[in-house]
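A short worksheet on the structure shown next.
Here the structure is a predicted model, which means the values were calculated and not measured.
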Amino acid sequence: MTEPHKATLQRSITLFQAFLVEQTDPDRFYTALAKDSVGQLSKYGPLRDQLVLDVGGGPGYFADAFSKAGARYVRLEPDAGDMASGVAGEDSAVGALRASGMELPIRTGSIDVCYSSNVLEHVPDPPRMLDEMVRVTRPGGLIYASFTPWLSPWGGHETAPWHYFGGHYAARRYERRNGKPPKNKYRHSLHPYSVGAALRWARTTEHATRLDALARYHPSWAQWILKVPAAREVLSWNLALVMRKN
């Protein structure tokens, strides 16, 4: 039997150590994150035999973790280049859709679990994407969406921490130092989104009820940070919303 997910300090340390090699060893980081995320999501409902749509699933790192949990997994990605497999020996084009997260080509109420990891900051209208995730989920189904807030230490992604001086400045500095523009282009494929704005959406949406809001990588005893408006933007690092469709 799989052990229940526990947000311990050791779990946070393990994820942080994997995060440090995200650029050089993405398999290690995303495999660890996928396993942890499926365990985290399993706290809110069963995944076995559930149809899971992964919005912005990228190269398919989460497919194995969801499949091991017994879920039927389909991922959606707007960029064909990002569908290149990150898992050796797997054909990542299988079970994949190419479309925008803000216009999901999915029938209303047809998905059991709509999941998205670290995608909201990459779309120009995060609330629209969240509304779409709710729309395609069946009544009683789960919605899980996480993202990196702009003011967190990694808010600028590869341009961090210089994004604190402005997104355009950080991008120009990155290009000067590396001889190429960053992959995540400010106001094009990387957009500021705040913890406060996401929590307001969760509080005001009429079609889903918030089950939880989590500083995703923090231990359980550090979740208080989300109650402190200014500090949470910097110190939460990553926010995860868990909703149930009404």
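Within a 6.0 Å sphere centred on NZ of Lys43, other residues, nucleotides and ligands contribute more than 12 heavy atoms.
Taking the six-membered ring where the residue is Trp, Phe66 and Tyr73 present parallel rings, their angle staying beneath 30° rather than reaching 60°. Between Tyr30 and Tyr61, the two ring planes are parallel [angle under 30°; tilted spans 30° to 60°]. The aromatic rings of Phe19 and Phe29 sit perpendicular, their planes meeting at an angle over 60°, well past the 30° parallel limit.
Here the straight-line distance linking atom OG1 of Thr159 with atom OH of Tyr174 works out to 9.0 Å at 0.5 Å rounding. Separation of atoms NE2 (His163) and OG (Ser152) is listed at 5.5 Å; rounding is to 0.5 Å. The CG atom of Leu20 sits 12.0 Å away from the CG atom of Asp25 when rounded to the nearest 0.5 Å. Here CG of Leu120 is found 10.0 Å from OG1 of Thr148. Values are rounded to the nearest 0.5 Å. Atom CZ in Arg200 sits 5.5 Å away from atom OG in Ser194 (nearest 0.5 Å). Here the straight-line distance linking atom CG of Leu241 with atom CE of Met133 works out to 9.5 Å at 0.5 Å rounding.
Between Ser189 and Lys183 there is no side-chain heavy-atom pair separated by less than 4.5 Å. By the 4.5 Å heavy-atom criterion applied to side chains, Ile143 and Arg244 are not counted as neighbours. Met243 is not listed as a side-chain neighbour of Leu142, based on a closest heavy-atom distance of 4.5 Å or more. Between Leu41 and Leu47, the closest side-chain pair of non-hydrogen atoms falls below 4.5 Å. Considering only heavy atoms from C-beta on, Leu199 comes within 4.5 Å of Arg232 through its side chain. For the pair Leu33 and Ser117, the minimum side-chain heavy-atom distance is below 4.5 Å. Within the 4.5 Å cutoff, the side chain of Leu51 has heavy atoms near those of the Val74 side chain. Using a 4.5 Å heavy-atom threshold, the side chains of Val38 and Ser42 count as touching.
In terms of heavy atoms, Ala215 sits closest to Leu226 at N-CD1, 3.5 Å. Heavy atoms only, all atoms of each residue included: Cys114 and Val55 are closest at SG-CG2, 3.8 Å. Listed here is the closest heavy atom pair of Leu104 and Glu132: N-OE1, 2.8 Å. Pairing each heavy atom of Ala160 with each of Pro153, the nearest pair is CB-O, 3.2 Å. Between Ile225 and Ala231 the shortest heavy-atom distance is CD1-CB, 3.8 Å. Closest approach of Ser236 and Pro149 over heavy atoms only: OG-CG, 4.0 Å.
With Lys245 contributing its side chain and Ala208 its backbone, the two residues share no donor-acceptor pair below 3.5 Å. Within the 3.5 Å criterion, the main-chain N or O of Gly196 finds a donor-acceptor partner in the side chain of Glu233. Distance alone, capped at 3.5 Å, places no donor-acceptor pair between the Ser110 side chain and the Ile106 backbone. Remark: the backbone N or O of Gly109 is not paired with any side-chain donor or acceptor of Thr137 at under 3.5 angstrom. A donor-acceptor contact shorter than 3.5 Å is absent between the side chain of Arg216 and the backbone of Ser37.
Taking Pro161 as the reference, Tyr164 meet the side-chain contact (heavy atoms from CB on, under 4.5 Å) condition, with sequence neighbours excluded. In this structure, the side-chain contact (heavy atoms from CB on, under 4.5 Å) partners of Thr108, at least two apart in sequence or on a different chain, are Arg135.
Criterion: ILVMFWY side-chain heavy atoms under 4.5 Å apart, direct or through other members. Under it, Trp162 and Leu151 are not part of a common hydrophobic cluster. Transitive grouping of hydrophobic side chains (ILVMFWY, heavy atoms separated by less than 4.5 Å) keeps Trp154 and Tyr169 in distinct clusters. Residues Phe16 and Val21 are members of separate hydrophobic clusters, defined by side-chain heavy-atom contacts under 4.5 angstrom among Ile, Leu, Val, Met, Phe, Trp and Tyr. Using a 4.5 Å cut-off between side-chain heavy atoms of Ile, Leu, Val, Met, Phe, Trp and Tyr, with links allowed through other members, Met102 and Ile111 fall into the same hydrophobic cluster. Residues Ile13 and Trp221 share a single hydrophobic cluster, defined by chaining ILVMFWY side chains whose heavy atoms lie under 4.5 Å apart.
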Where do Ser146 and Leu239 land on the side-chain contact (heavy atoms from CB on, under 4.5 Å) test, with the steps shown first?
-> CA-CA 5 Å; Ser146 80; Leu239 177 72; over 6 Å; no

For the pair Val52 and Asp112, evaluate side-chain contact (heavy atoms from CB on, under 4.5 Å) and give the outcome as yes or no after the intermediate values.
-> CA-CA 6 Å; Val52 175; Asp112 296 309; over 6 Å; no

Dump the intermediate steps for side-chain contact (heavy atoms from CB on, under 4.5 Å) on His218 and Arg11, then the final yes or no.
-> CA-CA 9 Å; His218 288 25; Arg11 169 249 183 192; 5.8 Å; no

Show your reasoning for whether side-chain contact (heavy atoms from CB on, under 4.5 Å) applies to Val123 and His191.
-> CA-CA 7 Å; Val123 300; His191 303 270; 5.6 Å; no

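The residue from Lys35, Lys6, His5 that alone fulfils the side chain to side chain contact (heavy atoms under 4.5 Å, CB included) condition with Gln40 is His5. None of Trp150, Phe147, Trp201 except one satisfies the ring pair (Phe, Tyr, Trp, His ring centres under 6.0 Å) rule with Tyr193; the exception is Phe147.
A donor atom on one side chain and an acceptor atom on the other are found under 3.5 Å apart for Gln50 and Arg138. One side chain, Thr209 or Asn246, offers a donor N or O that lies under 3.5 Å from an acceptor on the other.
Between His122 and His188, the ring centre distance reaches or exceeds 6.0 Å.
Salt-bridge formation is not detected for the pair Asp49/Arg72: no Lys NZ or Arg NE/NH1/NH2 atom is positioned less than 4.0 Å from an Asp or Glu carboxylate oxygen.
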